[in-house]
Amino acid sequence: MYSQKVMDHFTNPRNIGEVENADGVGMVGNPICGDVMKLSIKVDGDKIVDAKFKTFGCGAAIATSSMVTELVKGKTLEEALEISNKAVAEALDGLPANKMHCSNLAADALHKAIEDYLAKKQATLPEKKRAAGEG
Amino acid sequence: MRTVYVDNAATTRPRPEVVEAMLPYLGEKYGNPSSIYGIAREARAALDEAREKVAAILGADAREIIFTGSGTEADNTAIKGVAFANRQKGDHIITSAIEHHAVLDSVKRLEKHGFRATYVPVDSQGMVDPADVEASITDRTALISIMHANNEVGSIQPIEEIAEIAKKHGVYFHTDAVQTMGHIPVDVNRLGVDLLSLSAHKFYGPKGVGALYARRGVRMERYIDGGGQERNRRAGTESVAGIIGLAKALELASAEMEHERERVSRLRDRLIEGVMDRISHVRLNGHPTRRLPGNVSFCFEFIEGESLLLNLDMLGVCGSSGSACTSGSLEPSHVLLAMGLPHEVAHGSLRLTLGRYNTEEDVDYVLEHLPGIVEKLRAMSPFGTEADFGDASCAKCEDAAQPVGKAR
């Protein structure tokens, strides 16, 4: 039922854990629904230089989390915000239909982590406000 | 790679003796038992013999056995057939919150047709309290349907007691014995039931064949219309090979039951104890002692069941889970929720069901690999202690762990 790519990312997930002194953290999902993703990012300038995840969920939830950390590294914040849940699923050669909604939240976690980063920056570095607005 | 099949509650591997007994009826002995010539009479004779065998094992009369296409069909036939035939007398049905969907959805269907239903709760060990059944009976109650043992958590229900209550109040009583038939003693008179469903592929027989026992005198409409087969109670040409297979499998299972029951129970306990010893934050689902010989059901906190199954599959271990991902809906297992487990814990369920082909080596293989899988998934999980596993869930989880009170 899962593609080879999904099974690859599920079996050997990339970037498990939490980025030390993370610049932004995003957590989405709900344990009651069976899927929770926590994504942390390190930002240098306007680029995401590191991303790590921790996920409670099914095979699809783990694979999408792993894939999004790979997709996002080296991307600018603006580019990262354009990564959609659908794009993550496509990068994994698709997900079973019943997994598209409940377990495909990794991009949402990424966007939350970026929002968290921007919110922190706004508070401490007012000159970055413009960038936040553009994001 | 080694294959360890521990999903015997889902289906079992047909025994070679069963396949051998069936083969002639898939080939040269192809006659329709309703016809009159030689090869038809041969099929008829085999069918009659199979019916006699099944009836004898159940403690029933051959005329009380209706062969069906599955355990599900037997459940549908019993519930809808009795409900519609007795509607004038009563339009209320009592069942439990943990029934198989073949029963639950049949009752829900009847509700759509204007019947009323009561779903009695279970306690944290998945047990129905007969007093709850009795308290639910009204003068409009026509049928009670409570499963003999639960397919997910293995709890064996107090069927004899419920049967006495049903008898006292003049209400028909059906039990779904799909998980118990061939594994623990099932005698319709000792149990005191009016109707009983069973399925061949759960006791090393073929798929696509089941049976319904209906005590003589039970008023029941037929569920499938057409020809006059099964004494006019189930239309459709009989699956002769399937029925021969069912009877053969049941005969073998009954003959070996005492020995197998003890052997499989020992494997079960070895697996349960081994897991509890090696892994923390794990709960055994179901009753600790009143459980099916082969049933092992756990919830592992902080991780999700499908991830567990996929990892086990990569090591050749075939199991199942009641997580939402594997239940085919957005909700985790209705059985685990009815037992009071919080959703997040129910998502981490794993069911391993042992059978006649399992050995001690199989159990040890699972025990060797399962702790590492759980550890790996927990290292990946954002949760790791009760404190951060949702704020309300911890208290709820501890409640559910106590063998007291009733889940709703």
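Since we're looking at a predicted model, the values are computed, not measured. Below, chains carry the letters A, B, ... as their sequence lines are ordered, and counting in each starts from 1.
- For A61(A), no part sits under 4.5 Å from any heavy atom of chain B, backbone or side chain.
- With H347(B) contributing its side chain and I32(A) its backbone, the two residues share a donor-acceptor pair below 3.5 Å.
- Other residues, nucleotides and ligands contribute only 12 or fewer heavy atoms inside 6.0 Å of the CD atom of E375(B).
- Heavy-atom distances place both the backbone and the side chain of T11(A) under 4.5 Å from chain B.
- With a 6.0 Å radius and a threshold of 12 heavy atoms from other residues, nucleotides or ligands, K42(A) has its NZ atom above the threshold.
- Side-chain contact check for M380(B) versus F53(A): some heavy-atom pair is nearer than 4.5 Å.
- Annotation: side chain of S307(B) is not in contact with side chain of F56(A) (no heavy-atom distance under 4.5 Å).
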Let me have the donor-acceptor pairs involving side chains of residues 365-373 of chain B, under 3.5 Å, with sequence neighbours excluded, atom names and distances please.
residue : atom : partner : partner atom : Å
Y365(B) : OH   : L315(B) : O            : 2.7
H369(B) : ND1  : Y365(B) : O            : 3.1

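- The minimum heavy-atom distance linking K38(A) with P382(B) is given by the pair CB-CB, 4.2 Å.
- In this structure, the portion of C33(A) lying under 4.5 Å from any heavy atom of chain B is its backbone and not its side chain.
- Taking all atoms of both residues into account, the shortest heavy-atom contact from A60(A) to E306(B) is N-OE1, 4.3 Å.
- Counting non-hydrogen atoms of other residues, nucleotides and ligands closer than 6.0 Å to NZ of K86(A) gives a total of 12 or fewer.
- Atom NZ of K112(A) sits in a sparse spot, with 12 or fewer heavy atoms from other residues, nucleotides or ligands closer than 6.0 Å.
- Comparing L377(B), L308(B), N311(B) by heavy-atom pairs within less than 4.5 Å of chain A, the highest count is held by N311(B).
- Interface remark: of the candidates N30(A), I16(A), D35(A), I16(A) forms the most heavy-atom pairs closer than 4.5 Å to chain B.
- Residue A379(B) touches chain A through its backbone alone, counting heavy-atom pairs closer than 4.5 Å.
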